[in-house]
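Just so we're on the same page: letters track the sequence lines, and every chain starts at 1.
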Number of protein chains: 2
Amino acid sequence: MPRPSAPSTPPRASATGRGARTRAAILEAATRVFAVHGYRGGSLAAIAGEAELTQPGVLHHFPSKEHVLMAVLQERDRENVKQLRSGPWHDGGVTALRTLLGLVEDNAIARERVQMFTALVGEGVSAAHPAHDFFVERYAHLRYQLIRALQRGQDAGEFRSDVDMAMIASLVLAAMDGLQIQWLLDDEETMPPRFAVLLDMLVTYLAAEPPAPG
Amino acid sequence: MPRPSAPSTPPRASATGRGARTRAAILEAATRVFAVHGYRGGSLAAIAGEAELTQPGVLHHFPSKEHVLMAVLQERDRENVKQLRSGPWHDGGVTALRTLLGLVEDNAIARERVQMFTALVGEGVSAAHPAHDFFVERYAHLRYQLIRALQRGQDAGEFRSDVDMAMIASLVLAAMDGLQIQWLLDDEETMPPRFAVLLDMLVTYLAAEPPAPG
(Lines give C-alpha, C1' and ligand atoms only; values in the text may rest on other atoms or scores of the structure.)
Protein backbone atom coordinates (compact mmCIF):
# COMPACT_ATOMS: atom_id res chain seq x y z
CA MET A 1 0.00 0.00 0.00
CA PRO A 2 1.51 3.37 -0.99
CA ARG A 3 2.35 5.69 1.84
CA PRO A 4 0.72 9.13 2.04
CA SER A 5 1.63 11.49 -0.78
CA ALA A 6 2.63 14.28 1.57
CA PRO A 7 4.84 17.10 0.46
CA SER A 8 8.28 15.65 1.04
CA THR A 9 10.53 17.55 3.38
CA PRO A 10 13.85 18.36 1.77
CA PRO A 11 16.66 17.44 4.17
CA ARG A 12 18.23 20.90 4.11
CA ALA A 13 19.82 20.39 7.49
CA SER A 14 19.94 16.68 7.06
CA ALA A 15 21.69 14.17 9.19
CA THR A 16 24.08 16.50 10.96
CA GLY A 17 23.58 16.07 14.69
CA ARG A 18 22.56 19.64 15.35
CA GLY A 19 20.18 19.80 12.41
CA ALA A 20 18.52 16.56 13.50
CA ARG A 21 18.15 17.84 17.06
CA THR A 22 16.58 21.10 15.90
CA ARG A 23 14.23 19.19 13.61
CA ALA A 24 13.17 16.94 16.50
CA ALA A 25 12.66 19.99 18.74
CA ILE A 26 10.40 21.57 16.11
CA LEU A 27 8.30 18.41 15.85
CA GLU A 28 8.02 18.23 19.66
CA ALA A 29 6.90 21.86 19.71
CA ALA A 30 4.42 21.28 16.89
CA THR A 31 2.96 18.31 18.78
CA ARG A 32 2.26 20.55 21.78
CA VAL A 33 0.85 23.40 19.68
CA PHE A 34 -1.36 21.18 17.48
CA ALA A 35 -2.62 19.31 20.58
CA VAL A 36 -3.98 22.53 22.06
CA HIS A 37 -4.92 24.57 18.97
CA GLY A 38 -5.13 22.06 16.13
CA TYR A 39 -3.41 22.62 12.80
CA ARG A 40 -5.81 25.40 11.91
CA GLY A 41 -5.42 27.29 15.17
CA GLY A 42 -1.72 26.53 15.67
CA SER A 43 0.48 29.18 14.06
CA LEU A 44 4.02 28.81 12.82
CA ALA A 45 4.86 31.64 15.23
CA ALA A 46 3.54 29.57 18.15
CA ILE A 47 5.55 26.53 17.02
CA ALA A 48 8.69 28.65 16.69
CA GLY A 49 8.06 30.12 20.15
CA GLU A 50 7.62 26.65 21.72
CA ALA A 51 10.82 25.47 20.05
CA GLU A 52 12.67 28.65 21.12
CA LEU A 53 13.45 29.47 17.51
CA THR A 54 12.60 32.31 15.15
CA GLN A 55 10.09 31.67 12.36
CA PRO A 56 12.89 31.78 9.75
CA GLY A 57 14.70 29.27 11.96
CA VAL A 58 11.72 26.88 11.64
CA LEU A 59 11.34 27.56 7.92
CA HIS A 60 14.99 26.61 7.42
CA HIS A 61 14.00 23.05 8.38
CA PHE A 62 10.44 22.90 7.08
CA PRO A 63 9.36 25.09 4.14
CA SER A 64 5.82 25.60 5.50
CA LYS A 65 3.42 24.79 8.37
CA GLU A 66 1.94 22.06 6.16
CA HIS A 67 5.37 20.41 5.95
CA VAL A 68 5.58 20.47 9.76
CA LEU A 69 2.12 18.87 9.94
CA MET A 70 2.98 16.04 7.59
CA ALA A 71 6.33 15.40 9.29
CA VAL A 72 4.65 15.17 12.72
CA LEU A 73 2.01 12.75 11.43
CA GLN A 74 4.48 10.58 9.56
CA GLU A 75 6.73 10.33 12.61
CA ARG A 76 3.87 9.25 14.87
CA ASP A 77 2.75 6.77 12.25
CA ARG A 78 6.24 5.29 11.96
CA GLU A 79 6.28 4.66 15.72
CA ASN A 80 2.96 2.79 15.58
CA VAL A 81 3.95 0.75 12.55
CA LYS A 82 7.25 -0.16 14.23
CA GLN A 83 5.30 -1.50 17.19
CA LEU A 84 2.96 -3.53 14.98
CA ARG A 85 5.93 -4.98 13.12
CA SER A 86 7.21 -6.52 16.34
CA GLY A 87 7.15 -10.32 16.62
CA PRO A 88 3.91 -11.26 18.38
CA TRP A 89 1.77 -9.25 15.95
CA HIS A 90 2.69 -11.60 13.13
CA ASP A 91 1.46 -14.64 15.00
CA GLY A 92 -2.03 -13.28 14.42
CA GLY A 93 -5.15 -14.36 16.33
CA VAL A 94 -5.43 -13.77 20.06
CA THR A 95 -1.70 -13.01 20.39
CA ALA A 96 -1.98 -10.16 17.88
CA LEU A 97 -5.06 -8.76 19.63
CA ARG A 98 -3.17 -8.73 22.94
CA THR A 99 -0.39 -6.73 21.22
CA LEU A 100 -2.92 -3.96 20.67
CA LEU A 101 -3.39 -3.63 24.42
CA GLY A 102 0.31 -2.74 24.60
CA LEU A 103 -0.29 0.01 22.05
CA VAL A 104 -3.19 1.37 24.13
CA GLU A 105 -1.03 1.24 27.27
CA ASP A 106 1.69 3.22 25.50
CA ASN A 107 -0.86 5.80 24.39
CA ALA A 108 -2.16 6.09 27.95
CA ILE A 109 1.16 7.64 29.00
CA ALA A 110 1.48 9.87 25.92
CA ARG A 111 -1.39 12.26 26.43
CA GLU A 112 0.03 15.10 24.34
CA ARG A 113 0.57 12.88 21.31
CA VAL A 114 -2.87 11.33 21.66
CA GLN A 115 -4.47 14.77 21.97
CA MET A 116 -2.59 15.99 18.90
CA PHE A 117 -3.75 12.97 16.95
CA THR A 118 -7.39 13.37 18.03
CA ALA A 119 -7.33 17.07 17.17
CA LEU A 120 -5.77 16.48 13.75
CA VAL A 121 -8.04 13.60 12.73
CA GLY A 122 -11.05 15.71 13.73
CA GLU A 123 -9.85 18.38 11.31
CA GLY A 124 -8.73 15.79 8.76
CA VAL A 125 -12.17 14.23 8.13
CA SER A 126 -12.79 17.31 6.00
CA ALA A 127 -11.60 16.83 2.40
CA ALA A 128 -10.43 20.46 2.57
CA HIS A 129 -7.72 19.61 5.15
CA PRO A 130 -4.11 18.99 4.10
CA ALA A 131 -3.92 15.78 6.19
CA HIS A 132 -7.14 14.29 4.74
CA ASP A 133 -5.42 11.91 2.29
CA PHE A 134 -2.91 10.93 4.94
CA PHE A 135 -5.71 9.81 7.27
CA VAL A 136 -7.68 8.04 4.53
CA GLU A 137 -4.63 5.95 3.69
CA ARG A 138 -3.55 5.48 7.29
CA TYR A 139 -6.87 3.96 8.37
CA ALA A 140 -7.05 1.78 5.24
CA HIS A 141 -3.54 0.53 6.02
CA LEU A 142 -4.28 -0.16 9.69
CA ARG A 143 -7.51 -1.99 8.83
CA TYR A 144 -5.62 -4.07 6.28
CA GLN A 145 -2.99 -5.06 8.87
CA LEU A 146 -5.65 -5.87 11.43
CA ILE A 147 -7.77 -7.93 9.02
CA ARG A 148 -4.74 -10.01 8.10
CA ALA A 149 -3.90 -10.66 11.76
CA LEU A 150 -7.50 -11.68 12.48
CA GLN A 151 -7.63 -13.94 9.43
CA ARG A 152 -4.45 -15.66 10.55
CA GLY A 153 -6.43 -16.53 13.68
CA GLN A 154 -9.16 -17.99 11.45
CA ASP A 155 -6.63 -19.93 9.35
CA ALA A 156 -5.15 -21.41 12.51
CA GLY A 157 -8.60 -22.56 13.65
CA GLU A 158 -8.38 -20.27 16.67
CA PHE A 159 -11.22 -17.97 15.51
CA ARG A 160 -14.54 -18.96 14.02
CA SER A 161 -14.71 -18.63 10.26
CA ASP A 162 -18.22 -17.19 9.87
CA VAL A 163 -17.38 -13.63 11.02
CA ASP A 164 -16.36 -10.89 8.57
CA MET A 165 -13.04 -9.78 9.99
CA ALA A 166 -13.25 -6.47 8.09
CA MET A 167 -16.10 -5.49 10.43
CA ILE A 168 -14.11 -6.52 13.50
CA ALA A 169 -11.06 -4.56 12.33
CA SER A 170 -13.13 -1.39 11.88
CA LEU A 171 -14.66 -1.85 15.33
CA VAL A 172 -11.31 -2.37 17.07
CA LEU A 173 -9.85 0.81 15.54
CA ALA A 174 -13.07 2.67 16.28
CA ALA A 175 -12.94 1.70 19.95
CA MET A 176 -9.32 2.85 20.22
CA ASP A 177 -10.17 6.26 18.72
CA GLY A 178 -13.34 6.73 20.70
CA LEU A 179 -11.72 5.77 24.02
CA GLN A 180 -9.07 8.40 23.33
CA ILE A 181 -11.74 11.09 22.99
CA GLN A 182 -13.40 10.15 26.28
CA TRP A 183 -10.09 9.89 28.15
CA LEU A 184 -8.96 13.30 26.88
CA LEU A 185 -12.23 14.76 28.15
CA ASP A 186 -12.14 12.92 31.49
CA ASP A 187 -8.98 11.53 33.17
CA GLU A 188 -11.00 8.85 34.93
CA GLU A 189 -11.95 7.29 31.62
CA THR A 190 -8.72 5.30 31.52
CA MET A 191 -8.20 3.46 28.25
CA PRO A 192 -6.39 0.18 29.05
CA PRO A 193 -9.03 -1.43 31.32
CA ARG A 194 -11.79 -0.50 28.87
CA PHE A 195 -9.89 -1.80 25.88
CA ALA A 196 -9.10 -4.98 27.82
CA VAL A 197 -12.86 -5.57 28.21
CA LEU A 198 -13.26 -5.20 24.45
CA LEU A 199 -10.51 -7.76 23.89
CA ASP A 200 -12.14 -10.14 26.35
CA MET A 201 -15.44 -9.68 24.53
CA LEU A 202 -13.77 -10.26 21.15
CA VAL A 203 -11.95 -13.39 22.25
CA THR A 204 -15.22 -14.81 23.63
CA TYR A 205 -17.16 -13.90 20.50
CA LEU A 206 -14.57 -15.09 18.00
CA ALA A 207 -13.71 -18.36 19.76
CA ALA A 208 -14.00 -21.24 17.30
CA GLU A 209 -16.75 -23.73 18.08
CA PRO A 210 -15.25 -26.97 19.29
CA PRO A 211 -15.54 -29.63 16.57
CA ALA A 212 -18.76 -31.63 16.81
CA PRO A 213 -18.23 -34.92 18.64
CA GLY A 214 -17.95 -38.05 16.53
CA MET B 1 -27.11 16.31 35.66
CA PRO B 2 -26.70 20.01 34.88
CA ARG B 3 -26.66 20.96 31.25
CA PRO B 4 -23.63 22.75 29.77
CA SER B 5 -23.00 26.24 31.07
CA ALA B 6 -22.88 27.75 27.60
CA PRO B 7 -23.36 31.44 27.04
CA SER B 8 -27.12 31.71 26.79
CA THR B 9 -28.48 33.12 23.59
CA PRO B 10 -30.80 36.02 24.21
CA PRO B 11 -33.95 35.55 22.18
CA ARG B 12 -33.72 38.94 20.51
CA ALA B 13 -35.73 37.80 17.52
CA SER B 14 -37.52 35.21 19.55
CA ALA B 15 -40.51 33.17 18.62
CA THR B 16 -41.69 35.24 15.70
CA GLY B 17 -41.91 32.98 12.66
CA ARG B 18 -39.42 34.91 10.58
CA GLY B 19 -36.91 35.24 13.41
CA ALA B 20 -37.12 31.51 14.13
CA ARG B 21 -36.63 30.69 10.44
CA THR B 22 -33.57 32.96 10.19
CA ARG B 23 -32.13 31.44 13.36
CA ALA B 24 -32.61 27.94 11.96
CA ALA B 25 -31.00 29.01 8.66
CA ILE B 26 -27.96 30.34 10.55
CA LEU B 27 -27.58 27.07 12.46
CA GLU B 28 -27.88 25.08 9.21
CA ALA B 29 -25.21 27.30 7.65
CA ALA B 30 -22.97 26.97 10.71
CA THR B 31 -23.31 23.17 10.55
CA ARG B 32 -22.02 23.18 6.97
CA VAL B 33 -19.19 25.64 7.71
CA PHE B 34 -18.03 23.92 10.94
CA ALA B 35 -18.18 20.51 9.19
CA VAL B 36 -15.65 21.66 6.59
CA HIS B 37 -13.51 24.16 8.50
CA GLY B 38 -14.16 23.43 12.17
CA TYR B 39 -15.01 26.17 14.65
CA ARG B 40 -11.48 27.57 14.47
CA GLY B 41 -11.33 27.72 10.69
CA GLY B 42 -15.00 28.63 10.14
CA SER B 43 -15.48 32.40 10.11
CA LEU B 44 -18.61 34.33 10.94
CA ALA B 45 -18.30 35.79 7.43
CA ALA B 46 -18.47 32.27 5.94
CA ILE B 47 -21.52 31.42 8.08
CA ALA B 48 -23.23 34.64 7.04
CA GLY B 49 -22.41 33.90 3.38
CA GLU B 50 -23.83 30.35 3.63
CA ALA B 51 -26.99 31.71 5.26
CA GLU B 52 -27.26 34.49 2.65
CA LEU B 53 -27.12 37.11 5.37
CA THR B 54 -24.76 39.95 6.27
CA GLN B 55 -22.52 39.55 9.32
CA PRO B 56 -24.60 42.12 11.25
CA GLY B 57 -27.63 40.04 10.20
CA VAL B 58 -26.11 37.00 11.93
CA LEU B 59 -25.02 39.04 14.95
CA HIS B 60 -28.60 40.23 15.38
CA HIS B 61 -29.52 36.63 16.28
CA PHE B 62 -26.29 35.44 17.94
CA PRO B 63 -23.97 37.94 19.67
CA SER B 64 -20.80 36.04 18.65
CA LYS B 65 -19.42 33.01 16.77
CA GLU B 66 -19.15 31.26 20.15
CA HIS B 67 -22.90 31.69 20.65
CA VAL B 68 -23.51 30.11 17.24
CA LEU B 69 -21.26 27.20 18.23
CA MET B 70 -23.05 26.53 21.49
CA ALA B 71 -26.48 26.82 19.86
CA VAL B 72 -25.53 24.32 17.14
CA LEU B 73 -24.20 21.83 19.69
CA GLN B 74 -27.16 22.17 22.02
CA GLU B 75 -29.60 21.66 19.18
CA ARG B 76 -27.84 18.48 18.01
CA ASP B 77 -27.75 17.27 21.58
CA ARG B 78 -31.46 17.89 22.07
CA GLU B 79 -32.23 15.73 19.03
CA ASN B 80 -30.18 12.83 20.39
CA VAL B 81 -31.65 13.12 23.87
CA LYS B 82 -35.16 13.21 22.41
CA GLN B 83 -34.43 9.94 20.64
CA LEU B 84 -33.05 8.31 23.80
CA ARG B 85 -36.12 9.43 25.74
CA SER B 86 -38.34 7.40 23.44
CA GLY B 87 -40.12 4.37 24.90
CA PRO B 88 -37.91 1.34 24.18
CA TRP B 89 -34.83 2.96 25.67
CA HIS B 90 -36.40 2.87 29.11
CA ASP B 91 -36.94 -0.85 28.96
CA GLY B 92 -33.17 -1.18 29.28
CA GLY B 93 -31.20 -4.31 28.44
CA VAL B 94 -31.11 -5.69 24.91
CA THR B 95 -34.06 -3.53 23.86
CA ALA B 96 -32.18 -0.37 24.81
CA LEU B 97 -29.05 -1.51 22.98
CA ARG B 98 -31.12 -2.10 19.83
CA THR B 99 -32.38 1.50 20.12
CA LEU B 100 -28.80 2.66 19.65
CA LEU B 101 -28.70 0.99 16.25
CA GLY B 102 -31.54 3.31 15.24
CA LEU B 103 -29.42 6.28 16.32
CA VAL B 104 -26.50 5.02 14.22
CA GLU B 105 -28.82 4.51 11.23
CA ASP B 106 -30.07 8.08 11.58
CA ASN B 107 -26.49 9.36 11.70
CA ALA B 108 -25.65 7.35 8.59
CA ILE B 109 -27.96 9.61 6.55
CA ALA B 110 -26.82 12.85 8.23
CA ARG B 111 -23.25 13.08 7.03
CA GLU B 112 -22.93 16.83 7.44
CA ARG B 113 -24.06 16.78 11.06
CA VAL B 114 -21.81 13.85 11.86
CA GLN B 115 -18.84 15.57 10.23
CA MET B 116 -19.56 18.76 12.16
CA PHE B 117 -19.72 16.81 15.40
CA THR B 118 -16.48 14.93 14.71
CA ALA B 119 -14.69 18.15 13.78
CA LEU B 120 -15.93 19.97 16.88
CA VAL B 121 -15.16 17.19 19.36
CA GLY B 122 -11.66 16.94 17.88
CA GLU B 123 -11.17 20.61 18.67
CA GLY B 124 -13.05 20.31 21.97
CA VAL B 125 -10.69 17.80 23.62
CA SER B 126 -8.45 20.83 24.21
CA ALA B 127 -9.29 22.66 27.45
CA ALA B 128 -8.64 25.88 25.50
CA HIS B 129 -11.71 25.31 23.30
CA PRO B 130 -15.04 27.02 24.07
CA ALA B 131 -16.96 23.73 23.67
CA HIS B 132 -14.65 21.74 25.99
CA ASP B 133 -16.97 21.84 29.03
CA PHE B 134 -19.96 21.07 26.84
CA PHE B 135 -18.30 17.87 25.61
CA VAL B 136 -17.08 16.83 29.08
CA GLU B 137 -20.64 17.05 30.39
CA ARG B 138 -22.24 15.56 27.28
CA TYR B 139 -20.16 12.38 27.42
CA ALA B 140 -20.65 12.05 31.19
CA HIS B 141 -24.40 12.39 30.64
CA LEU B 142 -24.51 9.86 27.79
CA ARG B 143 -22.44 7.35 29.77
CA TYR B 144 -24.78 7.79 32.74
CA GLN B 145 -27.86 7.09 30.59
CA LEU B 146 -26.20 4.08 29.01
CA ILE B 147 -25.01 2.62 32.32
CA ARG B 148 -28.54 2.87 33.72
CA ALA B 149 -30.01 1.12 30.67
CA LEU B 150 -27.42 -1.67 30.93
CA GLN B 151 -28.01 -2.05 34.67
CA ARG B 152 -31.73 -2.41 34.07
CA GLY B 153 -30.75 -5.38 31.93
CA GLN B 154 -28.79 -6.76 34.89
CA ASP B 155 -31.66 -6.11 37.31
CA ALA B 156 -34.02 -7.98 35.02
CA GLY B 157 -31.69 -10.99 34.96
CA GLU B 158 -31.17 -10.51 31.22
CA PHE B 159 -27.47 -9.56 31.55
CA ARG B 160 -24.84 -11.20 33.71
CA SER B 161 -24.08 -9.31 36.89
CA ASP B 162 -20.28 -9.68 36.99
CA VAL B 163 -19.51 -7.10 34.29
CA ASP B 164 -18.83 -3.44 35.08
CA MET B 165 -21.39 -1.67 32.93
CA ALA B 166 -19.43 1.60 33.14
CA MET B 167 -16.76 -0.03 30.97
CA ILE B 168 -19.34 -1.29 28.49
CA ALA B 169 -20.97 2.15 28.27
CA SER B 170 -17.61 3.81 27.48
CA LEU B 171 -16.91 1.18 24.82
CA VAL B 172 -20.28 1.56 23.12
CA LEU B 173 -19.89 5.35 22.87
CA ALA B 174 -16.29 4.93 21.75
CA ALA B 175 -17.31 2.60 18.94
CA MET B 176 -19.97 5.05 17.75
CA ASP B 177 -17.45 7.92 17.63
CA GLY B 178 -14.69 5.89 16.06
CA LEU B 179 -16.95 4.43 13.36
CA GLN B 180 -17.97 7.98 12.46
CA ILE B 181 -14.32 8.92 11.87
CA GLN B 182 -13.72 5.94 9.58
CA TRP B 183 -16.95 6.46 7.66
CA LEU B 184 -16.19 10.15 7.10
CA LEU B 185 -12.79 9.16 5.70
CA ASP B 186 -14.15 6.29 3.57
CA ASP B 187 -17.75 5.94 2.34
CA GLU B 188 -17.47 2.17 2.23
CA GLU B 189 -16.94 2.04 5.98
CA THR B 190 -20.69 2.07 6.57
CA MET B 191 -21.63 2.40 10.23
CA PRO B 192 -24.84 0.38 10.79
CA PRO B 193 -23.55 -3.09 9.82
CA ARG B 194 -20.40 -2.57 11.89
CA PHE B 195 -22.33 -1.32 14.91
CA ALA B 196 -24.73 -4.25 14.52
CA VAL B 197 -21.76 -6.62 14.89
CA LEU B 198 -20.79 -4.84 18.11
CA LEU B 199 -24.34 -5.24 19.43
CA ASP B 200 -24.31 -8.92 18.53
CA MET B 201 -20.98 -9.29 20.32
CA LEU B 202 -22.32 -7.43 23.37
CA VAL B 203 -25.50 -9.46 23.60
CA THR B 204 -23.46 -12.68 23.40
CA TYR B 205 -20.96 -11.49 26.00
CA LEU B 206 -23.48 -10.06 28.44
CA ALA B 207 -25.98 -12.93 28.26
CA ALA B 208 -26.78 -14.14 31.75
CA GLU B 209 -25.61 -17.66 32.52
CA PRO B 210 -28.56 -20.01 32.71
CA PRO B 211 -29.25 -20.95 36.35
CA ALA B 212 -27.40 -24.07 37.45
CA PRO B 213 -29.60 -27.17 37.21
CA GLY B 214 -31.12 -28.47 40.42
Check this for me, if you would: do [X] and [Y] make a salt bridge, where the nitrogen-to-carboxylate-oxygen distance has to be below 4.0 angstrom?
X: A:D77; Y: A:R138; result: yes
X: B:E158; Y: B:R152; result: no
X: A:R111; Y: A:D187; result: yes

Highest number of heavy-atom pairs under 4.5 Å with chain B: which of [options]?
options: A:V163, A:L171, A:L198; value: A:L171
options: A:I181, A:D186, A:L202; value: A:I181
options: A:A174, A:P193, A:G122; value: A:A174

Tell me, side chain or backbone of [X] under 4.5 Å from chain B's heavy atoms, or both, or neither?
X: A:H132; value: both
X: A:I168; value: side chain
X: A:D164; value: neither
X: A:V125; value: both
X: A:T204; value: side chain
X: A:A119; value: both

Taking the side chain from A:R113 and the backbone from A:T31, do they hold a donor-acceptor pair closer than 3.5 Å?
no
Checking A:K65 side chain against A:I47 main chain: does a donor-acceptor pair fall under 3.5 Å?
no
Heavy-atom contact with chain A under 4.5 Å, split by part of B:V121
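Contact with chain A: side chain only.
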Can you say whether the rings of A:F117 and A:Y139 are parallel (under 30°), tilted (30 to 60°) or perpendicular (over 60°)?
tilted
Does NZ or CZ of B:R160 lie under 6.0 Å from the centre of the six-membered ring of B:Y205, at an angle within 45° of the ring axis?
yes
Kindly determine whether A:V172 and A:L150 satisfy side-chain contact (heavy atoms from CB on, under 4.5 Å), including the steps that lead there.
CA-CA 11 Å; A:V172 169; A:L150 291 161; 5.7 Å; no
Return yes if a side-chain donor-acceptor contact under 3.5 Å exists between A:Q182 and A:R194, otherwise no.
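Absent: no donor and acceptor within the cut-off.
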Identify which of [options] forms the greatest number of heavy-atom pairs closer than 4.5 Å to chain A.
options: B:E189, B:Q115, B:E123; result: B:E189
options: B:D177, B:L185, B:L206, B:D200; result: B:L185
options: B:S126, B:A175, B:A128, B:G38; result: B:S126
options: B:S170, B:G178, B:A35; result: B:S170

